[in-house]
Structure formats: C-alpha cells, structure tokens
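Have a look at the structure below, then the notes.
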2 protein chains.
Amino acid sequence: MATDSTPETRWLTPDEQQAWRAYLRASRLLEVALDRDLAHHGTQLSEYEVVSMLSEAPAGRMRMSALADLVVQSRSRVTHTAARLEKRGWVRREACVDDRRGVELVLTEQGRAHIDDMARCHVNSVREHLLDVLTPEEFRDLGHSMQKIRDALAEPGQAGDAIR
Amino acid sequence: MATDSTPETRWLTPDEQQAWRAYLRASRLLEVALDRDLAHHGTQLSEYEVVSMLSEAPAGRMRMSALADLVVQSRSRVTHTAARLEKRGWVRREACVDDRRGVELVLTEQGRAHIDDMARCHVNSVREHLLDVLTPEEFRDLGHSMQKIRDALAEPGQAGDAIR
DNA sequence: TGGTGCTAGTTAATATTTCAACTATATGCC
DNA sequence: GGCATATAGTTGAAATATTAACTAGCACCA
C-alpha cells in the first residue's frame with residue numbers, strides 16, 4: 001500500500017518528474033483522441049473494447065466477470081455498458097448453463113456487422129497517434145514496459161484486483 | 001483524422017496488437033491504482049493534478065484555461081472540479097485583472113496544507129507501481145516515448161485541442 | 001442436511017463527466 | 001466608433017461511472 005506511513009519520502013528527481021508528467025499527459029491525450037475518432041461510429045472506446053473482446057472470444061461470447069477483468073472495468077460498469085450495447089442490439093445476455101449465477105454476453109450478428117468499421121477506425125487511430133509517432137523499437141519497448149507494469153498491478157497478492 | 005476513408009486498412013501485426021493491448025490495460029490499471037491510493041486522502045487523481053499544478057505555479061494561481069490545457073481536461077470539467085475543490089476550501093476563484101473574462105484559481109493556505117501529504121502518497125504510489133517495476137533505462141525510454149506521443153497530439157494543426 | 005462464507009451479477013442512489021447552450025469580454029477590421 | 005468573430009468561463013441537463021447494498025447460487029466442511 002502506498003498510503004504513506006514511512007517518515008521519509010523519496011521524491012522524484014526532476015527527470016523522473018518530467019517523465020511521469022509526460023506519461024500522464026500523453027496517456028490522457030491519447031485516450032481523448034482515440035475516443036473522439038471512434039465517436040464517429042457512435043461508440044466510446046470503453047464500449048468498443050467490450051465488443052472487440054467478444055468478437056475474438058470463441059463463439060463471440062464471454063462471462064461478464066471475465067470481460068470486466070479483461071477490459072479493466074468494474075463489474076457494475078460492465079453491467080451498465082452491456083445494457084447500453086444491448087439497447088443498440090449489438091449484444092444480448094444469456095444465462096450460463098453450468099453456473100446459474102452467471103451471465104454470458106453474446107455478440108449479435110448486428111453487433112458483428114458494426115465491428116469491422118470500428119476496428120478499422122480504431123487501428124488507423126492507433127497507428128496515427130501512437131505507432132507512426134514512434135520508431136518500431138520504441139514501440140516495442142513501450143509494449144514491454146507496459147506489460148511489466150500490467151503484470152505488477154495484476155498480481156493477485158498485492159494491489160491485486162482493485163476493481164470489484 | 002483517422003476516420004477511415006482509405007479502402008485498405010493496415011491491420012496490426014500480432015506483436016503490435018499485443019503491445020497495444022498491454023498499453024491499454026496497464027494504463028487503466030495504473031490509473032485505478034493511483035486513484036485508489038490517493039482516495040485515502042479524500043481526493044481523485046484528476047483533482048490532485050489540479051491542486052498540484054497550482055502549487056507549482058507562481059503565487060499558487062493559474063488561469064482556468066491554462067489549467068485545463070495542462071491537465072488535459074475540458075474547460076467545463078475544470079469548472080466543476082474547481083467548484084468541488086472550492087467547497088473543500090482548498091482553492092478560491094479570483095477575477096483576472098488584465099482580462100475581465102478570465103478567472104484565476106488560487107490555492108488557499110488550507111489547500112496548501114493538504115498537498116504535502118497527498119504528494120507523498122502520490123509519489124510513493126508512482127514509485128511502487130511504475131518506477132520500481134521498470135529499470136531506470138526502461139523508465140527513461142518510456143518517458144521519452146510518451147513525450148513524443150504528447151507532442152504529436154498537442155500539435156495545434158492536427159488533432160490539436162480536442163478538448164474545449 | 002445445514003451453516004458459513006465466497007463469487008456473480010444487478011440495482012438504486014450518488015457523484016462525476018460530457019454536451020450544448022449561453023453570457024460576457026476581447027480582438028480585428030472597416 | 002461599430003460590427004463580426006473569437007475566446008473565457010459558466011450553467012443545467014443528460015449521459016456515464018462509482019458506491020454500497022442486495023439477491024442468488026456455489027462450495028466447502030461438519
């Protein structure tokens with residue numbers, strides 16, 4: 001827990017500070033840009049992530065909680081998002097056979113029909129704002145570093161599932 | 001504009017795909033973790049960013065719009081956030097002398113008194129989840145890459161101020 | 001069995017964010 | 001000056017997200 005209880009704090013060096021701020025600002029700008037591009041297709045990035053994951057899952061279906069973990073959203077948020085997507089006719093809910101508490105979200109034909117366009121848009125967007133801005137090595141390294149960060153945060157023991 | 005109008009789409013390679021997903025997931029997890037740590041001090045990360053910027057600005061004051069650009073929030077959002085912070089007594093509004101449309105947000109003594117604790121918490125949090133997870137070189141490179149991304153997105157010509 | 005505790009998902013209330021007006025002031029141009 | 005347009009910031013309503021309760025079903029153990 002980084003709640004601070006230690007008396008001494010190791011402040012960031014100016015370089016570290018600068019790097020951290022760059023990260024924070026860039027990540028926000030990136031999110032905004034990706035969201036805006038996708039908005040032309042009437043979707044938010046966070047919604048797109050859900051249907052996108054569904055589209056790659058076997059049979060286009062996935063458990064709510066698995067989905068929540070995958071896209072890093074709270075369970076409650078996924079419920080709301082799913083309701084929205086359902087209203088659009090892109091997904092439907094189905095009861096789980098093996099676990100009667102469970103619900104599977106299923107991609108509909110109509111949903112699948114939309115995905116191609118959105119995916120194209122999203123990929124172009126990612127290329128434009130991220131890939132084209134970095135060298136291939138820089139991008140590769142970025143991926144590796146973020147993977148390390150993800151693994152550290154996803155450790156069940158520590159800060160674990162911060163999201164319920 | 002990555003709105004897609006070109007017929008052919010350059011899809012991501014599996015490696016690129018993986019790196020991008022890692023980024024997306026890690027950035028969300030990071031945000032959640034930092035937010036949660038700061039929550040012990042009754043603040044959101046986005047709110048902390050505002051007071052933090054104020055605390056470093058000369059005289060602890062800054063124009064609303066400058067603040068909005070700096071922390072990458074819409075003007076409207078900053079207005080609401082400021083109202084919240086004001087209610088807590090951490091900041092106050094002051095009319096601008098030179099530009100009568102303008103408003104400056106000013107950090108109060110009470111606000112300043114809280115910052116130290118939050119900053120400590122935040123730094124610990126950043127160290128724990130980010131710095132300690134990467135090697136110094138990895139972190140440095142991450143900073144550089146994100147800076148390039150930020151610069152590309154902040155270019156006034158292109159995707160420019162996506163935020164009003 | 002029955003009890004205890006855990007997991008899955010939803011719900012309602014609340015908080016925050018976005019969106020689209022809207023006011024007021026500044027700026028540039030004739 | 002006077003008009004047109006741009007900028008600064010706010011506002012209220014609608015959309016979205018978070019929080020804390022709550023229901024239901026599973027799982028284990030005695």
Side-chain angles (χ1 to χ4, degrees), chain A residues 28 31-36 38-40 42-50 61-88 91-106 156 160-164, chain B residues 28-29 31-40 42-50 61-88 91-106 156 160-164:
Chain A
R28 299 255 155 99
E31 173 105 17
V32 168
L34 295 174
D35 228 351
R36 178 173 40 61
L38 225 31
H40 296 309
T43 329
Q44 291 176 289
L45 178 56
S46 59
E47 291 170 342
Y48 169 71
E49 285 182 75
V50 169
R61 61 175 56 225
M62 214 182 286
R63 285 288 288 267
M64 295 292 277
S65 42
L67 215 35
D69 290 344
L70 212 51
V71 301
V72 190
Q73 292 184 16
S74 70
R75 284 153 201 287
S76 165
R77 185 174 172 181
V78 173
T79 296
H80 288 304
T81 301
R84 232 148 48 218
L85 294 172
E86 203 173 17
K87 196 152 21 177
R88 265 178 238 167
V91 305
R92 69 170 177 280
R93 281 162 218 268
E94 268 185 32
C96 254
V97 263
D98 46 320
D99 182 347
R100 284 197 299 166
R101 296 166 300 179
V103 171
E104 278 186 334
L105 209 57
V106 190
D161 300 79
I163 292 184
R164 265 147 292 151
Chain B
R28 300 255 153 100
L29 285 167
E31 173 106 16
V32 168
L34 295 174
D35 230 351
R36 178 174 40 61
D37 288 343
L38 226 31
H40 295 310
T43 326
Q44 291 177 287
L45 179 55
S46 59
E47 293 170 341
Y48 169 71
E49 284 182 76
V50 169
R61 61 175 58 224
M62 214 183 286
R63 284 287 289 266
M64 294 293 278
S65 43
L67 216 36
D69 291 344
L70 211 52
V71 301
V72 190
Q73 292 183 17
S74 70
R75 285 154 201 282
S76 166
R77 184 172 173 182
V78 173
T79 295
H80 287 303
T81 301
R84 233 149 45 221
L85 294 172
E86 203 172 16
K87 195 150 29 176
R88 267 178 236 166
V91 304
R92 69 169 178 281
R93 280 164 218 266
E94 270 186 32
C96 254
V97 263
D98 46 320
D99 183 345
R100 285 196 301 167
R101 295 167 301 181
V103 171
E104 278 187 334
L105 208 58
V106 190
D161 302 79
I163 291 183
R164 264 147 292 149

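If you're wondering where the values come from, they're calculated on a predicted model, not measured in any experiment. Letters A, B, ... are given to chains in the order of the sequence lines, protein chains preceding strands, and every chain is numbered from 1.
Listed nucleotides: C/dT18, D/dG9, C/dT17. Nearest to the side chain of B/Thr79: D/dG9. For A/Arg75, whose side chain is taken as the heavy atoms from C-beta onward, the closest listed nucleotide among C/dT17, D/dT18, C/dT10 is C/dT10. For B/Met64, whose side chain is taken as the heavy atoms from C-beta onward, the closest listed nucleotide among D/dT10, C/dT16, D/dA13 is D/dT10.
Close to D/dT10, at under 4.0 Å from its OP1 or OP2, lies a side-chain N or O of B/Arg93. At C/dT17, one or more side-chain N or O atoms of B/Arg84 fall inside 4.0 Å of OP1 or OP2 (strictly under the cut-off).
The CG atom of A/Leu105 lies 10.0 Å from the CZ atom of A/Arg61; values are rounded to the nearest 0.5 Å. One distance of note links CD of A/Glu104 with CZ of A/Arg93; it measures 13.0 Å at 0.5 Å rounding. We find the CD-CD distance between A/Glu49 and A/Gln73 to be 7.0 Å, quoted to the nearest 0.5 Å. Separation of atoms CD (B/Gln44) and CG (B/Asp35) is listed at 6.0 Å; rounding is to 0.5 Å.
At a cut-off of 3.5 angstrom, counting only N and O atoms as typed in the model, there is a donor on one side and an acceptor on the other between the side-chain of B/Ser76 and the base of D/dT11.
Closest-nucleotide positions on DNA chain C for A/His80 and A/Gly102 were compared, and the one nearer the 5' end corresponds to A/Gly102.
Every residue two or more places apart in sequence or in another chain that forms a side chain to side chain donor-acceptor pair (under 3.5 Å) with A/Arg101 is listed here: A/Asp99.
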Taking only N/O atoms, report every protein-nucleotides 23-27 of chain D pair under 3.5 Å with atom names and distance.
unit_1	atom_1	unit_2	atom_2	d
D/dG25	N2	A/Arg101	NH1	3.0
D/dC26	OP1	A/Arg100	N	3.0

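Across all strands shown, A/Ser65 has heavy atoms under 4.0 Å from sugar-phosphate atoms exclusively, and none from any base.
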